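Encoded as structure tokens, the structure appears first; notes follow it.
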2 protein chains.
Amino acid sequence: MSPSPATDTRTRIVRTAMDLFWEKGFNSTSIADILSRSQLNSGSLYHFFPGKQDVLIAVLEAYRDGIYPMLIEPAWRGVRDPIARIFALLAAYRAMIVESDNSYGCPIGSLALELHEPDPKVRELLAANFDAWTGAIGRCLEEAGDRLPPDLDHRELAEFVLTTMEGGVMQARTHREVGYFDRNVRSLRTHFAMLEQLAKAERVAAGVGRSARRAPLKTGQKRGR
Amino acid sequence: MSPSPATDTRTRIVRTAMDLFWEKGFNSTSIADILSRSQLNSGSLYHFFPGKQDVLIAVLEAYRDGIYPMLIEPAWRGVRDPIARIFALLAAYRAMIVESDNSYGCPIGSLALELHEPDPKVRELLAANFDAWTGAIGRCLEEAGDRLPPDLDHRELAEFVLTTMEGGVMQARTHREVGYFDRNVRSLRTHFAMLEQLAKAERVAAGVGRSARRAPLKTGQKRGR
DNA sequence: TGGTTGCTTGATTGACCGCTCAACCAAGGC
DNA sequence: GCCTTGGTTGAGCGGTCAATCAAGCAACCA
């Protein structure tokens with residue numbers, strides 16, 4: 001029926017640590033901070049976790065496991081269009097920025113930059129969190145089908161969306177102004193609009209005559225139409 | 001002739017602190033770390049700086065003042081084309097990533113995310129560093145003239161370039177793979193290519209009625225690699 | 001009833017933290 | 001010669017850090 005008291009204590013530690021690591025960072029959060037806020041004693045914490053590092057690992061696992069139910073699914077509620085979903089997720093971040101008085105920082109991004117010599121397990125979990133995020137975006141891109149150019153690298157674009165979020169959050173937080181986030185999202189919107197335009201033109205060209213073979217739009221010189 | 005010993009000591013502290021903050025972060029760097037590496041005693045440090053926070057401020061000022069001579073100008077040496085300069089700067093970051101065995105982190109970005117409640121002076125200096133960076137990019141964009149759409153928001157795009165760098169660095173570092181940085185740069189290249197394509201189409205449309213007035217097409221102004 | 005197990009208690013440890021300060025030193029002015 | 005000024009020395013302060021551990025506790029079991 002009720003969860004075992006063990007689990008209860010363990011999750012209380014993890015949840016408290018999630019909050020504190022997000023608020024003050026990993027290094028600036030002391031075990032004493034976690035204990036006082038969670039109303040526990042050091043012995044209890046060290047009964048479940050060998051050390052502070054292991055609390056961090058549990059926190060990163062919790063983020064990874066919570067990314068869909070806690071972040072992505074709520075952001076996508078009522079939004080079906082795959083490309084709209086991408087911007088709905090970004091809008092969720094915007095809301096968090098505003099709610100935090102423009103001091104929001106992505107917990108994963110902050111940890112990724114704060115921890116300078118993370119042990120392999122920690123680094124893998126940070127990467128896994130990013131992968132989960134870009135994976136969700138990647139699925140949207142696939143679902144978008146021929147609205148995007150057929151030779152588009154979905155992984156690349158998904159990572160670019162993550163970059164936009166992280167960069168926007170970082171700048172908005174540093175300047176304490178959402179405008180920085182908004183402008184980054186606007187740039188990404190332009191990017192998508194141009195890609196969709198391109199795909200559309202290609203579809204038209206392919207429909208008109210199959211001889212119209214477009215050179216892949218890459219770096220440097222473009223074939224003049 | 002020789003610089004006064006006072007300046008000498010001060011800059012030795014600042015330079016050592018720059019290295020250490022970059023290597024281990026601000027919170028994980030102790031005053032003792034700075035002292036032992038710079039071969040100084042605590043009294044000397046506290047003669048010049050009231051506290052650790054003030055060392056950080058001096059470090060951020062040094063970054064801000066050094067961004068042109070130490071980072072941007074070297075990256076632009078031998079590159080004249082304004083858009084090529086943007087990607088030359090990104091290439092400089094790529095080199096630093098590779099040189100550091102894929103563990104490079106932008107010192108400003110890392111500090112911006114590590115310091116969760118920075119005092120106003122610190123926050124302003126972080127912002128000033130970003131402004132100097134985007135300012136340099138912004139000037140490139142203006143110089144690019146009508147190669148980019150006339151209604152383009154230069155500030156927005158400059159911030160987007162910064163975002164690409166920071167996001168690319170963050171992901172490359174987290175995954176310990178330059179590929180993440182490269183793919184982000186590739187996305188940005190696509191973005192610029194599409195913008196240039198757009199501007200070109202617009203110029204053609206506007207110039208249809210007139211005969212001679214073409215865009216200044218200097219020889220060798222092909223965009224650089 | 002007494003033993004075992006799983007969890008909790010909180011004082012305590014030693015290392016390290018940022019920072020202080022009285023004493024010291026060398027060079028310049030008078 | 002002696003004082004002032006600007007810089008240096010390094011032992012040491014009070015505090016905080018992550019982590020320890022002997023003792024206690026309640027629930028279940030034999």
Side-chain angles (χ1 to χ4, degrees), chain A residues 1-60 111 114-119 121-122 125, chain B residues 1-60 111 114-119 121-122 125:
Chain A
M1 293 283 154
S2 67
S4 83
T7 309
D8 208 35
T9 299
R10 221 197 96 104
T11 64
R12 211 154 98 222
I13 292 167
V14 173
R15 288 226 246 269
T16 309
M18 284 175 90
D19 290 350
L20 283 165
F21 292 168
W22 177 72
E23 285 173 30
K24 342 197 320 175
F26 176 72
N27 285 311
S28 301
T29 298
S30 69
I31 298 286
D33 287 336
I34 300 173
L35 296 175
S36 74
R37 186 177 291 192
S38 62
Q39 301 275 46
L40 291 168
N41 296 101
S42 60
S44 295
L45 188 146
Y46 284 100
H47 175 75
F48 291 99
F49 301 98
K52 195 186 176 189
Q53 189 87 223
D54 305 271
V55 177
L56 173 61
I57 289 172
V59 163
L60 289 172
L111 287 171
E114 175 184 358
L115 306 168
H116 285 242
E117 278 152 354
D119 76 34
K121 179 100 196 181
V122 169
L125 278 165
Chain B
M1 293 280 165
S2 66
S4 85
T7 310
D8 209 35
T9 299
R10 220 197 97 104
T11 66
R12 212 154 98 222
I13 292 168
V14 172
R15 287 225 247 269
T16 310
M18 283 176 90
D19 290 349
L20 284 166
F21 291 169
W22 177 71
E23 286 172 29
K24 344 199 317 174
F26 176 73
N27 285 311
S28 300
T29 298
S30 69
I31 297 287
D33 287 334
I34 300 173
L35 296 175
S36 74
R37 185 176 290 192
S38 62
Q39 301 274 47
L40 292 168
N41 296 100
S42 59
S44 295
L45 188 146
Y46 284 100
H47 175 75
F48 292 99
F49 301 98
K52 196 187 178 189
Q53 188 86 225
D54 304 273
V55 177
L56 173 62
I57 288 172
V59 163
L60 289 172
L111 288 171
E114 176 184 357
L115 305 168
H116 285 241
E117 278 153 354
D119 75 33
K121 179 100 197 185
V122 169
L125 279 165

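Chain letters run A, B, ... following the sequence lines, proteins first and then strands; every chain starts at 1. These numbers come from a predicted model, not from an experiment.
Rounded to an integer number of Å, the gap from CD1 of I13(B) to C1' of dT8(D) is 11 Å. With rounding to whole Å, K24(B) atom NZ is found 12 Å from dC16(C) atom C1'. Spacing between atom CG of L45(B) and atom P of dC21(C) amounts to 16 Å, rounded to whole angstrom units. Between K52(A) atom NZ and dT16(D) atom C1' the separation is 12 Å, expressed in whole Å.
Applying the side chain to side chain contact (heavy atoms under 4.5 Å, CB included) rule to D119(B) yields the partners Q53(B), K121(B), V122(B); only residues at least two apart in sequence or on another chain are considered. Scored by the side chain to side chain donor-acceptor pair (under 3.5 Å) test, S28(A) finds N27(B) as partners (sequence neighbours excluded). Residues forming a side chain to side chain contact (heavy atoms under 4.5 Å, CB included) with E117(B) (at least two apart in sequence, or on another chain): none.
A distance of 8.0 Å separates CD1 in I13(B) from CD1 in I34(B), rounded to the nearest 0.5 Å. Between atom CG of residue L115(A) and atom CZ of residue F26(A) there is a gap of 6.5 Å, rounded to the nearest 0.5 Å.
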Enumerate, atom names and distances included, each donor-acceptor pair closer than 3.5 Å involving a side-chain atom of residues 16-25 of chain A, sequence neighbours excluded.
| from | atom 1 | to | atom 2 | distance (Å) |
| --- | --- | --- | --- | --- |
| T16(A) | OG1 | R12(A) | O | 2.6 |
| W22(A) | NE1 | G105(A) | O | 2.9 |
| E23(A) | OE1 | R37(A) | NH2 | 3.1 |
| E23(A) | OE2 | R37(A) | NH1 | 2.9 |
| K24(A) | NZ | D33(A) | OD2 | 3.0 |

What donor-acceptor contacts under 3.5 angstrom involve side-chain atoms of residues 42-49 of chain B, with partners at least two apart or in another chain?
none

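Within residues 25-41 of chain A, the residues approaching DNA chain C are N41(A), by heavy-atom distance under 4.0 Å.
Note on H47(A): a side-chain N or O is less than 4.0 Å away from OP1 or OP2 of dC7(C).
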Table of protein N/O atoms under 3.5 Å from nucleotides 20-27 of chain D N/O atoms:
| from | atom 1 | to | atom 2 | distance (Å) |
| --- | --- | --- | --- | --- |
| dT20(D) | O4 | S42(A) | OG | 2.7 |

